[in-house]
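Take a look at the structure below.
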Protein chains: 2
Amino acid sequence: MDLFVSKYFNKIDKKGRISLPSSFRNVLPKANRNEIILYKSIKSPSIEGCGVGRLKEIAKRINNLDFFSEDYDDFSTSIFSEIVTTNVDKEGRFLIPEALKLYAGIKTEAAFFGQGHFFQIWEPKQGLKNTEDSRKRLLKEKKSLRMMLTQQK
Amino acid sequence: MDLFVSKYFNKIDKKGRISLPSSFRNVLPKANRNEIILYKSIKSPSIEGCGVGRLKEIAKRINNLDFFSEDYDDFSTSIFSEIVTTNVDKEGRFLIPEALKLYAGIKTEAAFFGQGHFFQIWEPKQGLKNTEDSRKRLLKEKKSLRMMLTQQK
DNA sequence: CATATACCCATTGACGCCCATATAATCCCA
DNA sequence: TGGGATTATATGGGCGTCAATGGGTATATG
């Protein structure tokens with residue numbers, strides 16, 4: 001499986017370390033399995049994360065913008081300066097930077113939610129509430145959900 | 001990681017030295033890891049910096065502008081004639097030339113902002129404000145920022 | 001000779017690496 | 001197929017190393 005799926009609830013220890021779920025670690029390319037990138041989610045009080053390979057793709061896209069335009073700086077600043085890289089130790093743990101923990105309201109525990117090509121880290125209660133809420137929104141349009149689930153390739 | 005990412009706030013000591021963030025040092029080619037180039041940003045009151053290898057890339061970009069346009073001369077002059085090279089000492093510190101500190105309003109502390117293939121140095125408060133401003137501009141077009149982050153190859 | 005800058009050494013706190021344990025999952029063989 | 005044994009995962013903690021910062025002194029350069 002090369003996608004981030006399922007959800008996990010892990011603890012932050014005294015040193016601030018938290019385990020990246022084992023199944024998530026296996027999604028990371030064997031080459032850079034000891035480094036992930038984190039950034040504030042744009043649309044929710046959560047942290048998003050993924051392997052460094054994804055960052056390189058983003059870099060390429062930005063590089064294709066007109067270098068002398070204002071957009072270039074806006075994207076470059078909002079993305080590169082907001083992204084942090086963190087090292088995953090041999091036990092599979094990493095540090096969530098203080099600023100990001102603050103943004104997501106995370107203290108002693110965090111919830112990991114697989115999102116396919118990336119994952120989200122939430123304060124557990126907020127994360128669960130968010131899952132409920134988004135499911136409710138989907139059910140309001142039952143039809144579209146049913147279609148999504150039953151549609152054959 | 002071979003990109004300048006994240007942001008750092010470091011102090012300038014009595015001798016005028018400031019640490020180039022360790023993660024930035026690692027982006028510099030192992031060969032010329034003790035030398036960086038600095039120049040005034042054209043678009044903001046900040047200093048831009050990168051490894052010496054990046055010079056070629058800058059030249060290329062300027063070359064892509066229309067040679068007979070005013071822009072060409074302006075960019076060419078503004079950038080090339082303003083570039084200074086600085087040495088990074090064994091502890092990873094360097095001196096920001098007086099003229100550049102003045103241009104950016106930097107006094108006792110400076111903020112480093114990763115920008116992918118280069119980085120910016122700001123007076124901390126102005127730098128933070130700039131980040132906010134550019135994020136606001138982008139959020140007006142939520143779709144574009146989201147696309148940049150989530151688009152699949 | 002005077003000022004600026006490079007080199008060397010020191011300090012402090014944060015982080016990485018290593019080792020340890022408990023619980024859970026998997027295996028393997030009788 | 002059952003049950004003990006092996007492996008993996010999440011978690012805890014010691015300790016050495018590195019990064020950021022401070023300062024003394026040699027050296028260069030005008």
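Scope of the values below: all heavy atoms of this structure, side chains included, with no hydrogens, waters or symmetry mates. The sequence lines fix the lettering, A, B, ..., with proteins before strands; numbering per chain opens at 1.
- Of the two residues contacting DNA chain D, namely Asn26(A) and Lys14(A), the nearest-nucleotide position lying further toward the 5' end is that of Asn26(A).
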- [ ] Go through Ser46(B) and Asn130(B) one step at a time and tell me if the side chain to side chain contact (heavy atoms under 4.5 Å, CB included) criterion holds.
- [x] CA-CA 10 Å; Ser46(B) 71; Asn130(B) 175 260; over 6 Å; no

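- Of all nucleotides listed (dA19(D), dG22(D), dC17(C)), dC17(C) comes nearest to the side chain of Arg17(A).
- Of the two residues near DNA chain C, Glu91(B) and Lys15(B), the one whose nearest nucleotide lies more 5' is Lys15(B).
- Counting any heavy atom pair closer than 4.0 Å across all strands shown, Leu20(B) reaches sugar-phosphate atoms only and no base atom.
- Phe119(A) and Phe112(A) have tilted rings, their planes meeting at an angle from 30° to 60° on a 0 to 90° scale.
- Protein atom CG of Leu95(B) is 12 Å distant from nucleotide atom P of dC7(C), rounded to whole Å.
- Counting any heavy atom pair closer than 4.0 Å across all strands shown, Asn10(A) reaches sugar-phosphate atoms only and no base atom.
- Using a 4.0 Å heavy-atom distance criterion, Ser22(A) is classed as a sugar-phosphate-only contact.
- For Asn87(B), whose side chain is taken as the heavy atoms from C-beta onward, the closest listed nucleotide among dG23(D), dG14(D), dA6(C) is dA6(C).
- One finds no side-chain N or O of Arg93(A) lying less than 4.0 angstrom from the OP1 or OP2 phosphate oxygen of dC18(C).
- In this structure, the CD1 atom of Ile96(B) is 17 Å from the P atom of dA4(C), given to the nearest Å.
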Open item on the list: I'd like to know whether Arg17(B) forms a salt bridge (Lys or Arg N to Asp or Glu O under 4.0 Å) with Glu91(B), so could you lay out the CA-CA distance, the side-chain angles of the two residues, the decisive distance to 0.1 Å, and finally the verdict.
Closed with: CA-CA 10 Å; Arg17(B) 300 172 299 187; Glu91(B) 280 75 34; 5.9 Å; no

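- With a 6.0 Å cutoff to the six-membered ring centre and a 45° limit on the axis angle, Lys43(B) counts as a cation-pi contact of Phe67(A).
- Distance CZ (Phe112(B)) to C1' (dA19(D)): 13 Å, rounded to an integer number of Å.
- Contact check, Lys90(A) against dC18(C): a side-chain N or O comes under 4.0 Å of OP1 or OP2.
- Atom pair Glu98(B):CD and dT5(C):P shows a separation of 9 Å (rounding to whole Å applied).
- For the pair Asp89(A) CG and dA14(C) C1', the computed distance is 15 Å after rounding to whole Å.
- If you check the side chains of Gln115(B) and Thr77(A), you find a donor sitting under 3.5 Å from an acceptor.
- The distance between atom NZ of Lys11(A) and atom P of dG13(D), rounded to the nearest whole Å, is 14 Å.
- Following rounding to the nearest Å, Phe24(A) (CZ) and dA10(D) (P) show an atom-to-atom distance of 11 Å.
- Atom P of nucleotide dT21(D) and atom CG of Asp13(B) are separated by 9 Å, given to the nearest angstrom.
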